[in-house]
Amino acid sequence: RKYLTGDEEDSEVVSNFFEAIEEFAIKKNCGMVVVHHLIKNAHPKDTRDIYDMLRGSQVFIDRPRAVLGMMRDGPYTVVGLSKNNIPPNLGSIQGERLFVRDPDKLDLVQLPGEEGIRTWDASVEELREIREKAAKKAKNEPK
């Protein structure tokens, strides 16, 4: 809303907004990230639901190359691909990634491997163990 002048339901207004972003991205040779909210009282069950729950004009769905959905699900923060029109159509992100909040630093920590799709609630001790495991893995990966 800070950079969008006019009604977010008006497709012409939103289209002009995306045209300005596209011109800037071309000029600076960079990608752009637009953060947008869902409609009031939206309760997506997974990140694919987010595609149909974005607030405002359909242009918010039509213009972006990819739409990543982010939502809370109990102790987890879930991130997944809601839309992708970058060939090949499957894209590089499949499924949803689960993150938990580190109880000491309040950072989000991605659950590694198969744990990334588990459905149980993690305890504080388990969250600390996950953080340590993720830190060890990051330290050992070649740069």
Side-chain angles (χ1 to χ4, degrees), residues 1-122 126-143:
R1 296 295 305 154
K2 182 175 182 177
Y3 301 102
L4 181 73
T5 56
D7 184 2
E8 69 184 3
E9 297 288 342
D10 185 334
S11 62
E12 186 174 341
V13 168
V14 178
S15 189
N16 290 339
F17 169 73
F18 275 101
E19 285 173 20
I21 288 172
E22 185 177 358
E23 286 175 22
F24 181 82
I26 290 168
K27 182 178 178 182
K28 296 294 185 177
N29 193 29
C30 67
M32 299 294 294
V33 175
V34 175
V35 179
H36 195 53
H37 295 278
L38 303 180
I39 57 176
K40 288 186 189 249
N41 299 315
H43 299 287
K45 291 180 178 47
D46 61 43
T47 54
R48 292 169 299 182
D49 287 347
I50 289 172
Y51 180 83
D52 295 322
M53 297 180 180
L54 280 178
R55 200 167 77 186
S57 168
Q58 181 68 26
V59 177
F60 282 110
I61 297 291
D62 296 341
R63 289 294 294 273
R65 289 290 206 176
V67 175
L68 288 176
M70 185 174 196
M71 62 184 219
R72 295 257 174 105
D73 184 12
Y76 305 110
T77 297
V78 183
V79 178
L81 194 60
S82 295
K83 173 204 171 180
N84 177 20
N85 64 358
I86 302 171
N89 212 16
L90 290 177
S92 59
I93 300 173
Q94 296 180 356
E96 296 177 330
R97 303 297 182 257
L98 294 178
F99 296 81
V100 291
R101 188 164 304 284
D102 176 330
D104 297 320
K105 297 181 181 179
L106 301 180
D107 293 335
L108 287 179
V109 178
Q110 183 177 355
L111 296 173
E114 291 297 314
E115 292 175 304
I117 58 171
R118 63 187 173 169
T119 58
W120 49 271
D121 295 342
E126 290 164 330
L127 294 176
R128 288 186 181 118
E129 182 181 316
I130 290 166
R131 177 193 65 209
E132 291 167 9
K133 211 187 277 188
K136 279 183 187 175
K137 183 178 179 184
K139 190 176 184 179
N140 293 329
E141 286 181 359
K143 295 186 176 158

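- The structure places CD of E132 at 9.5 Å from CG of D102, a figure rounded to the nearest 0.5 Å.
- No hydrogens or angles considered: nothing links the side chains of R101 and T77 as a donor-acceptor pair under 3.5 Å.
- Counting heavy atoms from C-beta outward, F17 and V59 have side chains that stay 4.5 Å or more apart.
- Within a 6.0 Å radius of CD in E9, other residues, nucleotides and ligands contribute more than 12 heavy atoms.
- Pairs of residues two or more places apart, or lying in two chains, that qualify as ring-ring contact (aromatic ring centres under 6.0 Å, His included) and include a residue from residues 40-63 are F18-F60, H36-F60.
- To the nearest 0.5 Å, atoms CD1 (I61) and CD1 (I50) are separated by 10.0 Å.
- The CZ atom of R65 sits 10.5 Å away from the CZ atom of R63 when rounded to the nearest 0.5 Å.
- Side-chain contact between L111 and L98 is present, with at least one heavy-atom pair separated by less than 4.5 Å.
- Note that CG of L54 and CG of L38 are 6.0 Å apart. Values are rounded to the nearest 0.5 Å.
- When all heavy atoms of G69 and S82 are compared, the closest pair comes out as N-OG, 3.6 Å.
- For the side chain to side chain donor-acceptor pair (under 3.5 Å) test, residues two or more places apart in sequence or in another chain that qualify with D46 are R48.
- T47 contributes atom OG1, which lies 15.0 Å from atom NZ of K83 (distance to the nearest 0.5 angstrom).
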